[in-house]
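To keep things clear, I will list the structure first and then write my remarks on it.
So that the names make sense, note that chain A is the first sequence line, chain B the second, and so on, each numbered from 1.
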Amino acid sequence: MTLQFAPETAATPATLPPLLQALNPEQLAAVTLGPEPALILAGAGSGKTKVLTTRIAWLLSTGQLSPAGVLAVTFTNKAAKEMLTRLGALLPLNVRGMWIGTFHGLCHRMLRAHCKLLNLPATFQILDMQDQLSAIKRLHKQLALDEERFKPKELQWFINACKEEGQRAHQVPVRDADQRHKVEFYRLYEEQCQREGVLDFGELLLRSYELLRDHDPVREHYQRRFRHILVDEFQDTNKLQYAWLKLLAGRMEGGRFVPAGNAVLAVGDDDQSIYAFRGARVGNMADFVREFGVRQQIKLEQNYRSQAHILEAANRLIEHNQGRLGKNLRTDQGCGEPLRVYEAPSDYAEANWVVDEVRQLIGRDGLPAHEVALLYRSNAQSRVLETALFNAGLPYRVYGGLRFFERAEIKHALAYLRLIDNPHDDTSLLRVVNFPPRGIGARSIEALQAAAASAGCSLHDAVSAVPGKAGSHLAAFVALLDVLREGSQGQPLRQIVALVLQHSGLLAHYRAERDGSERVENLEELLNAAESFVLQQGFGRDAVALPLDETAAAEARAAASDSGFEEPSGETLSPLQAFLSHAALEAGDNQAQSGQDAVQLMTVHAAKGLEFDAVFITGLEEGLFPHDNSSASPQALEEERRLMYVAITRARQRLYLSHAQTRMLHGQTRYHPRSRFVDELPAQCLQWLSPKPGSGLGAAGLGKAAVGLQPAWGRSALVSEAPSRAAADATHGLRAGMQVFHPKFGQGQVLAVEGRGDDARAQVSFTRHGSKWLALAVAKLTPL
DNA sequence: TTAAACGATATTTTT
DNA sequence: TATCGTTTAA
């Protein structure tokens with residue numbers, strides 16, 4: 001990101017140290033805040049990461065703080081990496097060993113350091129979502145639960161939600177019988193994980209929280225050590241993460257939080273909170289201000305990204321939300337182009353219009369393809385766009401596919417590697433016990449599971465109890481694991497991986513497979529990944545310990561001797577264990593799909609934090625965006641609006657909005673009215689594009705025939721105002737969001753309108769009778 | 001052991 | 001509609 005100087009910045013005295021010279025007054029204030037709790041409200045494109053990294057650099061370079069005294073937390077590995085890179089560019093500093101990372105990464109580090117205290121096996125492994133689900137399925141089966149009443153996915157969701165709330169099974173309030181079963185399942189699942197020596201993602205946080213809560217010396221140690229705590233994307237923290245931070249920066253006294261005086265810098269933007277569905281609590285920002293007694297609140301409102309029309313649209317849209325902390329972005333850039341709005345007759349036509357415009361952006365305006373982003377609300381919408389791009393011969397890249405460490409062949413290899421260290425990891429054992437196939441069928445596995453259950457031991461240890469042919473096959477598998485374990489003794493990581501790929505038969509298996517070449521390549525890539533991991537992490541013999549590390553280590557030792565325990569350094573982890581943790585905590589990039597320079601396709605969620613010269617927001621339809629499932633509750637609707645806000649603020653120069661009258665959804669043609677969000681944008685920022693007039697396409701009843709006529713929807717017919725709602729007749733004057741009256745059901749709010757004319761129907765949420773679908777030709781609804 | 005057939009199901013996602 | 005997961009059949 002290239003930052004431009006705000007006008008005030010030019011007036012900044014040249015006496016400032018170089019580090020601080022490129023900051024605007026608000027950024028400067030944030031960077032040089034005193035050591036006290038503070039909240040930075042950082043608008044989109046306002047230089048948030050710059051403030052975070054410059055502040056750390058400033059604290060270090062002025063000698064106010066040593067590298068060991070910093071704790072900086074982010075949500076994603078990408079953000080953490082970005083921070084490390086930029087910090088490294090600001091200061092000649094060995095950034096390795098500093099506590100800068102994701103919540104999960106740092107909690108993991110803490111757990112490794114204190115696993116004895118926590119009664120965790122030193123070889124504990126991390127379950128990713130897939131692993132967790134298969135562990136849950138296994139337990140589900142073992143308990144013979146009703147498939148209908150308790151689906152594994154739901155149980156997984158339930159358990160994770162509990163953990164996000166910081167609740168152990170015994171703390172979960174039980175309302176009904178169903179809930180009681182779920183809680184019981186949660187308890188048994190935890191037992192299983194403990195037995196197998198595995199921790200899921202939520203557990204990393206919860207254990208770390210409990211570690212700090214229950215062990216005073218540990219908590220006091222870290223409290224003393226981390227004088228400055230910086231939290232990125234604070235609006236996305238969940239209850240547990242906030243509680244964890246509170247333990248690092250204070251203590252509870254009689255139900256009241258007492259800060260310990262650490263300088264906690266929370267950076268966030270309530271308007272960009274889009275993860276409530278996974279437990280994020282925007283309210284943490286207000287709680288933070290209250291509980292920490294925050295006196296310093298700084299708003300970063302100067303935007304360095306978007307032109308004025310785009311910013312104005314974003315500002316005006318988000319004003320429709322209630323209870324914001326309040327922020328108004330401004331820019332020094334010109335107003336730029338207006339936002340172009342296009343109404344397509346069908347999703348197909350929409351895609352073709354998008355591709356048409358993209359082609360012009362690239363051809364006429366010379367934009368690189370990767371500066372063009374096509375955004376949508378849900379992944380399924382990418383398909384039409386992909387088809388259109390493909391037909392046009394434009395290279396594109398879709399985000400959000402399978403990532404490297406999630407690929408089946410990689411997970412297989414990792415499972416063998418995990419079993420070397422921890423043979424009691426039943427999830428891993430089951431994954432590869434018969435892969436590649438070695439004559440251990442479902443029957444054998446059942447026998448093994450039965451034996452393990454009756455002996456109360458791991459599958460690995462139960463092998464000897466299985467008789468007959470099945471038993472000998474299983475014994476051969478265990479012997480294979482033993483060979484791998486012995487062979488890996490004292491070997492460098494790359495050799496261990498190579499050994500596993502060879503002896504497990506994985507390589508041979510995929511080489512023999514017809515379409516296995518890609519998988520073979522991936523397995524070979526795993527070797528490289530292992531090697532470069534070792535080099536980067538400093539496990540290799542080339543690694544040099546820089547002086548800063550020693551300072552940090554010495555300091556840690558000094559602090560540790562106070563509190564009576566040794567804080568082990570990362571080196572106590574074997575390269576293999578470190579690599580396996582790395583694989584679980586960082587799933588890696590998804591493979592590039594085509595050439596380097598490609599149009600970027602992604603959901604709005606995935607676009608958060610990114611920026612592009614040109615952005616298309618597609619599928620702006622009621623029911624899609626805002627999504628149907630969100631229109632019922634005001635909070636959910638506001639989150640959808642924030643999502644729209646995020647989408648808009650991704651664009652630097654050009655923003656295109658489109659919607660389709662007709663869309664194929666779940667095999668059915670659906671009719672959605674234009675999204676309310678489009679109508680919430682200021683008219684003077686918009687330019688409406690219409691289909692070429694006279695093409696004979698009306699608003700209603702467009703079948704596939706119309707779709708054939710897709711070439712060139714000219715931009716010739718420009719209308720400067722919203723199309724008059726001629727279609728309103730077709731929907732009987734109803735639009736989503738309206739208040740209506742029904743003679744029988746009383747008052748209600750229209751959630752959605754579908755179809756036109758006699759087919760039109762509306763979903764209405766009645767105050768007394770709940771939500772109903774009504775045929776508008778029949779139902780007597782009166783707008784209020 | 002594999003392929004075919006059936007049925008449920010269909011926001012958003014990082015760790 | 002298309003995809004995924006499970007069951008069934010060969």
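With hydrogens and angles ignored, the 3.5 Å screen pairs no side-chain donor or acceptor of A:R641 with any backbone N or O of A:L637. Side-chain N or O atoms of A:Y510 include none that pairs as donor or acceptor with a backbone N or O of A:S517 at under 3.5 Å.
In this structure, CD1 of A:I617 is placed 15 Å from C1' of B:dT12, rounded to the nearest angstrom. The CG-P distance, from A:L133 to B:dT15, rounds to 19 Å in whole Å. Protein atom CG of A:L637 is 18 Å distant from nucleotide atom P of B:dT12, rounded to whole Å. Regarding A:L580, its CG atom lies at a distance of 18 Å from the P atom of B:dT15, rounded to whole Å. Here B:dT12 presents its P atom at 14 Å from CG of A:L375, a figure rounded to the nearest Å. Atom CG of A:L402 is separated from atom C1' of C:dC4 by 13 Å (rounded to the nearest Å). Atoms CD (A:Q156) and P (B:dT14) sit 15 Å apart, rounded to a whole Å. A:D236 places its CG atom 11 Å from the C1' atom of B:dT13, with the value rounded to the nearest Å.
When side chains are defined from C-beta on, A:T662 does not count as touching A:R670, because their heavy atoms never get closer than 4.5 Å. A heavy-atom distance below 4.5 Å is not found between the side chains of A:F201 and A:E164. A:E640 has its side chain within reach of A:R377: a pair of non-hydrogen atoms, C-beta onward, lies under 4.5 Å apart. With contacts defined as side-chain heavy-atom distances shorter than 4.5 Å, the pair A:V231/A:V267 does not qualify.
Using a 4.0 Å heavy-atom distance criterion, A:F75 is classed as a sugar-phosphate-only contact. As judged by a 4.0 angstrom heavy-atom cut-off over every strand, A:E586 is placed among residues making no nucleic acid contact. Within 4.0 Å of A:K153, counting heavy atoms only, lies no atom of the nucleic acid at all.
Look at A:N77 and you'll find a side-chain N or O under 4.0 angstrom from OP1 or OP2 of B:dT15. Phosphate contact (OP1/OP2 of C:dG5, side-chain N/O of A:K137, threshold under 4.0 Å): absent. Considering only side-chain N and O atoms, A:R383 lies nowhere under 4.0 angstrom from the phosphate OP1 or OP2 of C:dT1. Phosphate proximity of B:dT12 to A:N379: present, with a side-chain N or O under 4.0 Å from OP1 or OP2. Phosphate proximity of C:dT1 to A:R663: absent, as no side-chain N or O sits under 4.0 Å from OP1 or OP2.
DNA chain B is contacted by both A:T102 and A:R438; A:R438 maps to the nucleotide lying nearer its 5′ end (nearest heavy atom per residue). Comparing A:R377 and A:G441 against DNA chain B, the residue whose closest nucleotide sits nearer the 5' end is A:G441.
Comparing atom distances between the A:N629 side chain and each of B:dT11, B:dT13, B:dT15 picks out B:dT11 as nearest. The side chain of A:H666 lies closest to B:dA10 when the candidates are B:dT14, B:dA10, B:dT12. Residue A:T603 has its side chain nearest to B:dT13 when only B:dT13, B:dT1, B:dT15 are considered. Closest approach to the A:R278 side chain among B:dT15, B:dT11, B:dT13 is made by B:dT13 (side chain taken as heavy atoms from C-beta onward). The side chain of A:K151 sits closest to B:dT9 out of B:dT9, B:dT14, B:dT11. For A:E640, the listed nucleotide lying nearest its side chain is B:dT11; candidates were B:dT13, B:dT15, B:dT11. The side chain of A:N434 approaches B:dT1 more closely than any other nucleotide in the set B:dT15, B:dT11, B:dT1. The side chain of A:H605 has B:dT13 as its nearest neighbour among B:dT13, B:dT15, B:dT1. With distances taken from any side-chain atom of A:Y275 to the nucleotides B:dT15, B:dT13, B:dT11, the minimum falls on B:dT13.
Among A:H108, A:H104, A:M110, the one residue that satisfies the side-chain contact (heavy atoms from CB on, under 4.5 Å) test with A:S208 is A:M110.
Syn is the classification of B:dT11, since its glycosidic angle stays within 90° of 0.
Stacking between A:F277 and B:dT12 is present: the aromatic ring centre lies within less than 5.5 angstrom of the base six-membered ring centre, and the two planes differ by under 30 degrees.
C:dG5 and B:dT12 have their P atoms separated by 15 Å, with the value rounded to a whole Å. When the P atom is compared between B:dT13 and C:dC4, the two are found 15 Å apart, to the nearest whole Å.
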